[in-house]
Structures are given as C-alpha cells and as structure tokens.
Chemist: 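Structure below; questions to follow.
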Amino acid sequence: MMLFSIFLDLIPLLLAMMFQNHVLGIIVGLACSIVFLFVAFFRKAIRTLMVINVLYFLVAIVLAFVVPSFPFLAYGQASVYLILTVSTAISLGYGEMFTVQYAKSSIPEAYWKHPVFRKVNRTLTLIWVLDFALALVLSLLMPNGTGVLLANLVNVIGVGAMFILPKRLKRSYQTR
C-alpha cells in the first residue's frame with residue numbers, strides 16, 4: 001500500500017514528463033500538485049512529498065523563464081529521486097517521518113505512538129533517505145541505460161527493509 005501511495009504522490013511529476021513542451025509540462029505538474037495538496041488539506045492528510053512537489057514545480061517554473069533552453073524535465077529520473085530524497089530527509093527532522101505518513105493508512109491508530117512503531121519508521125525512513133540519495137547519484141552519473149537500471153534496482157534495499165525490519169524489531173522488543 002505504501003509504495004502505491006508514493007506512486008500516486010509522484011503522478012504530477014510523471015504527468016509533467018509526458019509533455020514535449022517543458023514549460024507546459026511544468027505548468028501541468030504544478031497545477032496537478034496544487035490540486036493534490038488542496039484535496040489532502042481538506043482530508044487532513046498532507047504528506048511531505050506533496051509539499052515538495054509543489055515547491056519543485058514552483059522553482060522549475062521560475063527557472064524555466066530564467067533559463068528557457070534548459071530541459072528541466074529531461075532529467076526525469078533524477079527529478080523523481082531528488083524529490084524523494086529531499087522529502088524523506090526533511091521528514092526525519094521535521095514533522096512526521098516519511099514512512100509514518102504512509103503507514104497511517106494501513107496501521108491502526110493505537111500503534112502510532114508505540115516505541116516499536118516509532119523506531120521501525122525512523123529506521124525505515126533513514127534507509128529510504130540513503131536509498132533515494134544513492135539512486136539520485138546513480139541517475140545523475142549515468143543518466144542512460146545502466147544508470148537507470150542501477151538507480152531503480154537500489155530501491156530493492158528499501159523494499160526489502162520494509163518487509164524484514166518491522167518483524168525483526170517487533171521480535172526484539174517482545175524478547176526484552
């Protein structure tokens with residue numbers, strides 16, 4: 001469920017990359033990001049990634065007019081990993097951790113303040129920060145072919161941790 005929710009939050013960027021005209025793509029991405037944020041505001045379910053999307057497109061639209069020849073959306077994979085790295089890192093130090101924002105949709109509220117839940121999510125969020133940062137570096141250093149493949153394969157670390165870490169930490173907590 002968490003990965004699907006993250007995918008949904010990335011729809012504005014994915015939609016923006018579909019346009020040949022980069023400025024139009026950025027405008028569509030910004031509009032879509034604002035709509036998502038607006039809906040989330042009324043549902044009281046704003047996630048860091050939604051806010052970072054809006055900020056990303058606001059900066060991109062300004063830069064698109066300052067440097068019109070630069071193809072901002074041509075670096076789509078790097079853009080995705082930049083947004084994910086920034087939003088995940090910010091969530092570690094400010095507000096609600098990245099993984100908690102998504103876990104709340106599938107975990108009962110009674111667990112949200114439990115020490116194991118907090119520890120699992122702090123560790124998972126840190127793993128995702130490192131995972132996304134490594135994928136960002138790979139997508140910038142090798143923007144085609146092998147780099148794209150490696151950047152996406154790195155996510156196996158985060159996905160694996162999501163399945164393994166909660167069970168291990170829960171067991172270690174129970175044996176204390």
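What you see below is based on every heavy atom in this structure, not just the backbone, and it leaves out hydrogens, waters and symmetry mates. Quick caveat: nothing in here was measured; it's all calculated off a predicted structure.
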Chemist: Does M18, at its CE atom, have more than 12 non-hydrogen atoms belonging to other residues, nucleotides or ligands within less than 6.0 Å?
Modeler: no
Chemist: Taking only Lys NZ, Arg NE, NH1 and NH2, and the carboxylate oxygens of Asp or Glu, determine whether E96 and K104 approach each other closer than 4.0 Å.
Modeler: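 Yes.
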Chemist: Is a side-chain donor or acceptor of S139 paired with a backbone partner of L136 at a separation under 3.5 angstrom?
Modeler: yes
Chemist: Would you give the length of the straight line joining atom CG of L30 to atom CD1 of I27, rounded to the nearest 0.5 angstrom?
Modeler: 8.0 Å
Chemist: Taking the inter-plane angle between the rings of F98 and F132 on a 0 to 90° scale, is it parallel (under 30°), tilted (30 to 60°) or perpendicular (over 60°)?
Modeler: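 Judged by the thresholds at 30° and 60°, the geometry between F98 and F132 is perpendicular.
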Chemist: With no hydrogens and no angle check, just 3.5 Å: does a side-chain donor-acceptor pair link Y81 and D131?
Modeler: no
Chemist: Is the backbone of M97 close enough, under 3.5 Å, to the side chain of S91 for a donor and an acceptor to pair up by distance?
Modeler: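 No: the side chain of S91 does not pair with the backbone of M97.
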Chemist: Side chain to side chain donor-acceptor pair (under 3.5 Å) for Q101 and T48? Distances and angles first, verdict last.
Modeler: CA-CA 8 Å; Q101 296 172 28; T48 311; 2.7 Å; yes
Chemist: Mark yes or no for whether S87, through its side chain, and L84, through its backbone, hold a donor-acceptor pair below 3.5 Å.
Modeler: yes
Chemist: Work out which heavy atom in R118 is nearest to a heavy atom in W112; give both atom names and the distance.
Modeler: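 Of all heavy-atom pairs spanning R118 and W112, the closest is CD-O, 3.2 Å.
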Chemist: Please tell me whether L82 and L150 are part of a single hydrophobic cluster in this structure, the criterion being side-chain heavy atoms less than 4.5 Å apart.
Modeler: yes
Chemist: Among L49, N53, L55, which residue meets the side-chain contact (heavy atoms from CB on, under 4.5 Å) test with V51?
Modeler: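 Single side-chain contact (heavy atoms from CB on, under 4.5 Å) partner of V51 among L49, N53, L55: L55.
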